[in-house]
Amino acid sequence: MSQPLTPPQQFRSTQSGRNVVPGWTNLVPERPDTVEIQLDLNPDDYGREHALVLAEYWATPDDVTLQSILPVRAFREAADGWCVFVPSQGRVLLRAIDPQPSPPVLASQWLNIDPQTPPGTVVSVAIQFPGTAAGAAPLSS
């Protein structure tokens, strides 16, 4: 007999209570996670059908350490929000992508993490897609 797979354990930030994007802990061996980056999607964008947020961590300028895709649906379904943890080094690239409108939407933002950043630092990133999505469903209350 087969048994249904149980979903993997969802880690949560002890500081903010947000969901941690899977895989975004202990990115660099011997470097503790010291910075919490909170991803705050504008509620006006929740109705986008095909939109996503691409998050990348670069430990060095030549090394993409981790990439994750968060569909907008993940933000709609997680009322507590999402975050990632990174060490005090490297860069984080966040891209808002919506292939639905013509032309498609692509907006990017780099975050440079200073090695002198104090442990426990929290960075809140507001993510808002430029323009409006053609055919985006309005939020229901």
Side-chain angles (χ1 to χ4, degrees), residues 2-141:
S2 63
Q3 296 179 356
L5 294 175
T6 58
Q9 181 181 4
Q10 180 63 56
F11 292 105
R12 296 176 72 77
S13 166
T14 57
Q15 186 168 353
S16 68
R18 291 171 181 252
N19 294 310
V20 178
V21 175
W24 282 80
T25 57
N26 303 314
L27 298 177
V28 178
E30 308 300 319
R31 289 285 205 148
D33 298 326
T34 58
V35 179
E36 177 178 340
I37 300 174
Q38 299 176 348
L39 306 175
D40 296 319
L41 182 67
N42 185 321
D44 291 342
D45 290 315
Y46 284 7
R48 291 177 180 269
E49 291 290 321
H50 303 287
L52 57 94
V53 174
L54 174 63
E56 296 179 357
Y57 175 69
W58 296 67
T60 69
D62 300 322
D63 178 26
V64 178
T65 306
L66 182 64
Q67 266 186 346
S68 292
I69 296 173
L70 285 117
V72 166
R73 179 175 41 107
F75 290 92
R76 287 193 302 254
E77 294 176 7
D80 295 330
W82 291 94
C83 67
V84 299
F85 283 93
V86 297
S88 294
Q89 78 171 55
R91 299 174 83 189
V92 175
L93 174 60
L94 297 170
R95 295 180 186 174
I97 303 169
D98 187 349
Q100 186 175 10
S102 183
V105 172
L106 173 60
S108 300
Q109 180 66 49
W110 280 103
L111 302 172
N112 293 309
I113 311 298
D114 188 315
Q116 301 304 313
T117 303
T121 296
V122 175
V123 177
S124 294
V125 177
I127 300 170
Q128 181 173 359
F129 287 79
T132 58
L139 287 177
S140 59
S141 12

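Just so you know, residue 1 is the first one in the sequence shown, and it goes up from there.
- Using a distance-only test at 3.5 Å, with no hydrogens or angles considered, a donor-acceptor pair links the side chain of Q10 to the main chain of V20.
- Residue R31 comes nearest to P87 through the heavy atom pair CB-CB, 3.8 Å, listed as atom of the first residue, atom of the second, then distance.
- Residues P104 and D98 fail the side-chain proximity criterion, which asks for heavy atoms closer than 4.5 Å.
- Using a 4.5 Å cut-off on side-chain heavy atoms (C-beta onward), Q109 and V125 make no contact.
- Of all heavy-atom pairs between G120 and Q15, the closest is O-NE2, 3.7 Å.
- Taken from CZ in R95 to CD1 in I69, the straight-line distance is 11.0 Å, to the nearest 0.5 Å.
- Put simply, SG on C83 and CG on N19 are 7.5 Å apart, with the number rounded to the nearest 0.5 Å.
- In this structure, the side chains of N42 and F129 stay at 4.5 Å or more apart for every pair of heavy atoms.
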Next item on the list: Starting from the C-alpha separation in whole Å, work towards a yes-or-no answer on side chain to side chain contact (heavy atoms under 4.5 Å, CB included) for F75 and D45.
Entry: CA-CA 10 Å; F75 290 92; D45 290 315; over 6 Å; no
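- Rounded to the nearest 0.5 angstrom, S108 OG and I97 CD1 are separated by 7.5 Å.
- Judged purely by atom type and a 3.5 angstrom limit, T117 has no side-chain atom pairing as donor or acceptor with the backbone of S88.
- Across W82 and P22, no two heavy atoms sit closer than the pair CZ3-CD, 4.2 Å.
- In this structure, CD in Q89 is found 12.5 Å from CG in N112, a value given to the nearest 0.5 Å.
- Taking each heavy atom of S124 and D40 in turn, the nearest pair found is CB-OD2, 3.8 Å.
- Across T65 and L27, no two heavy atoms sit closer than the pair CG2-O, 3.7 Å.
- Here the options are L66, V35, T25, the test is side-chain contact (heavy atoms from CB on, under 4.5 Å), and the partner is V86; only V35 passes.
- Here the options are I37, T121, T34, the test is side-chain contact (heavy atoms from CB on, under 4.5 Å), and the partner is I113; only I37 passes.
- Atom-to-atom distance recorded for L93:CG and W58:CH2 is 8.0 Å, nearest 0.5 angstrom.
- For the pair P130 and V105, the tightest heavy-atom approach, listed with the atom from each and the gap, is CD-CG1, 3.5 Å.
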Margin query: Checking F11 against W24 for the side chain to side chain contact (heavy atoms under 4.5 Å, CB included) test, could you report, in this order, the C-alpha distance in whole Å, the side-chain angles of both residues, the deciding distance, and whether it holds?
Written below: CA-CA 10 Å; F11 292 105; W24 282 80; over 6 Å; no
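- Open room surrounds CZ on R73; 12 or fewer heavy atoms of other groups in view lie less than 6.0 Å from it.
- If you take CZ on R18 and CD on Q38, they are separated by 4.0 Å, rounding to the nearest 0.5 Å.
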